[in-house]
Peer 1: 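Below you will find the structure I want to go over with you.
Note on naming: letters A, B, ... go to the chains in the order of the sequence lines (proteins, then strands), and numbering restarts at 1 for each one.
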Amino acid sequence: MTLDPQATIDAIWRIESPKIVGGLTRLVRDIGTAEDLAHDALVAALQQWPRDGVPSNPGAWLMATAKHRAIDHLRRQALHARKTPAMAAEWTESPSSHTAPDATDLDDDVGDDVLRLIFAACHPILPPEQRVALTLRLIGGLTTAEIARAFLCAEPTVAQRIVRAKRAIANARVPFEVPRGQDRRARLAAVLDVVYLIFNEGYTATSGDTWTRTPLCEEGMRLGRVLASLLPEEPEVHGLSALMQLHGSRLRARRSSSGEPVLLDAQERSRWDRVLIRRGLAALDRAERLSTTPGAYALQAGIAACHARARGLEETDWPRIVDLYTALAYLTGSPVVELNRAVAVGMASGPAAGLAIVDALVTSAALTTYHYLPSVRGHLLEQLGRAAEARVEFQRAAALTKNAQERAVLLARAERLGSA
Amino acid sequence: MGAYNEELSRAGVLLAGEGLHPSSKGARVRFADKTRAVVNGPFVESKELIAGFWLIQARDLAEALEWAKRIPFDEDEVEIRQVFDAEDFGSRAHARTANTK
């Protein structure tokens with residue numbers, strides 16, 4: 001079987017483009033220009049490779065071709081700057097732009113270039129949807145069409161997000177660097193949040209007709225592993241990687257053969273992915289060894305690990321999960337976490353204790369449109385035998401969710417209570 | 001091989017991988033109806049012996065092939081297989097090596 005050369009080139013591009021765009025950005029100091037130059041190299045490959053065959057080291061070929069174009073570009077710019085005195089003043093601000101840097105510079109610190117690119121794409125000056133689109137484009141090597149498909153939005157919308165993001169980074173003169181010192185913690189947190197957003201959009205699709213979108217989860221997990229290998233000493237990087245892989249291990253069990261969502265208590269645990277569980281537990285172990293005060297991702301991974309280690313719902317270490325949620329609620333102050341703590345308390349100490357926590361949250365303004373609140377309340381009321389009240393809660397939850405399959409499940413639960 | 005595995009790891013695609021002892025340390029179980037016959041290694045009659053495997057996450061066959069082509073082997077053969085997924089759109093490819101004798 002021979003593969004379409006286009007598919008081969010696409011695959012090579014996905015593997016190589018973060019390294020190439022990262023290296024070029026360090027050279028030309030502008031992500032947009034770097035992407036254009038890298039794309040020129042890709043076009044050259046598309047012309048030559050189908051005719052002459054794919055070179056034995058295609059990554060090096062692309063890098064060398066892109067590098068030559070970058071140096072030409074810098075020379076032209078330097079020439080142009082000499083011809084136009086007004087611009088020349090600006091160029092003197094960055095003396096490195098005047099001379100074409102030594103080409104061998106580009107081959108150093110490939111990992112660092114990718115890391116710099118991640119930090120730039122996830123820069124806090126960008127709104128979250130732009131960070132996500134730019135990260136998937138630059139680090140994931142996804143095309144605009146692929147990103148649009150994954151997020152169920154129109155291609156021009158995604159294209160515009162990417163253009164705006166690149167322009168904002170250029171206008172703000174965001175330095176192409178891995179942040180150090182004071183800034184580092186907040187910047188790293190922003191990067192981790194973007195990766196988790198990508199994973200979660202696949203894990204619990206907030207809109208659309210399907211419950212999960214596996215390719216986004218896989219890309220999120222892959223980005224997590226990239227970060228873990230580039231920043232091996234950061235506990236929360238391993239915490240997030242653990243969390244995504246432990247949640248990701250349940251993907252196959254989370255939907256029935258007909259595509260309906262299957263919640264944790266009904267999942268067939270033999271369908272959980274043991275490889276991802278093993279990787280997730282190892283990452284959590286590393287996070288715990290690097291820090292004695294776990295961050296929000298490590299705590300959530302700790303909760304997921306309790307489920308991964310248990311053979312069934314009854315054998316789960318619910319008191320430990322309650323402790324972890326208590327720590328997480330303290331750390332984040334999030335009412336959503338408090339709601340999850342209520343579920344765990346319901347399992348550890350009975351539905352009445354869980355309901356008491358939920359009832360205290362009913363007035364929380366942040367949760368008034370959150371479908372999970374009435375869903376949890378309905379579940380606890382059902383366990384307490386208060387069927388009529390539970391039914392109303394499930395109906396309320398169904399009205400609030402934007403996901404079609406989840407709505408169907410909630411309405412079915414309400415229906416069952418009605419006929420009982 | 002260390003550098004290659006490092007590259008897989010940095011790209012975030014490596015899920016698992018192991019090298020296997022020679023077949024002299026292994027055994028086979030042959031099935032025929034209800035009988036189970038155990039045959040001890042080495043298996044000199046075999047044309048192919050599996051010497052190790054990688055489990056990688058790739059988006060499609062082209063990407064899995066691209067990673068496989070980069071394995072620093074001078075000879076031998078590498079077979080690429082996709083892990084079965086119920087939904088069949090999880091795209092994890094499973095590469096395993098088959099060393100020729």
Peer 1: Just wondering, are more than 12 heavy atoms of other shown residues or ligands nearer than 6.0 Å to CZ in B:Arg36?
Peer 2: yes
Peer 1: Find the one option among A:Leu223, A:Leu227, A:Ile15 whose heavy-atom pairs under 4.5 Å with chain B are most numerous.
Peer 2: A:Ile15
Peer 1: Restricting to non-hydrogen atoms, name the atom on A:Ala7 and the atom on B:Ala62 that form the minimum distance, rounded to 0.1 Å.
Peer 2: O-CB, 3.5 Å
Peer 1: Rounded to the nearest 0.5 Å, what separation is found between the CG atom of B:Leu15 and the CZ atom of A:Arg278?
Peer 2: 10.0 Å
Peer 1: To the closest 0.5 Å, what do you measure between CD (B:Glu66) and CD1 (A:Ile9)?
Peer 2: 10.0 Å
Peer 1: A:Leu230 and B:Arg10: side-chain contact (heavy atoms from CB on, under 4.5 Å), yes or no, with the steps?
Peer 2: CA-CA 7 Å; A:Leu230 295 176; B:Arg10 281 187 151 205; 4.2 Å; yes
Peer 1: Hey, could you give me the CD/OG distance between B:Glu6 and A:Ser229, rounded to the nearest 0.5 Å?
Peer 2: 6.5 Å
Peer 1: Hey, what do you get for CG (B:Leu8) to CZ (A:Arg225), rounding to the nearest 0.5 Å?
Peer 2: 11.0 Å
Peer 1: How long is the gap from CZ on A:Arg14 to CZ on B:Arg59, to the nearest 0.5 Å?
Peer 2: 5.0 Å
Peer 1: In Å, rounded to the nearest 0.5 Å, how long is the span from CG of B:Leu61 to OG1 of A:Thr8?
Peer 2: 9.0 Å
Peer 1: Please report the closest heavy-atom contact between A:Lys19 and B:Glu7, naming both atoms and the distance.
Peer 2: NZ-OE2, 3.9 Å
Peer 1: Start with the C-alpha gap between B:Arg70 and A:Glu16, add the side-chain angles, then the distance that decides, and say whether salt bridge (Lys or Arg N to Asp or Glu O under 4.0 Å) holds.
Peer 2: CA-CA 13 Å; B:Arg70 297 177 184 206; A:Glu16 301 297 339; 2.5 Å; yes
Peer 1: Against chain B, label A:Pro58 side chain, backbone, both or neither, depending on which of its atoms sit under 4.5 Å from a heavy atom there.
Peer 2: side chain
Peer 1: Please state whether the side chain, the backbone, both or neither of A:Ile12 comes within less than 4.5 Å of a heavy atom of chain B.
Peer 2: both
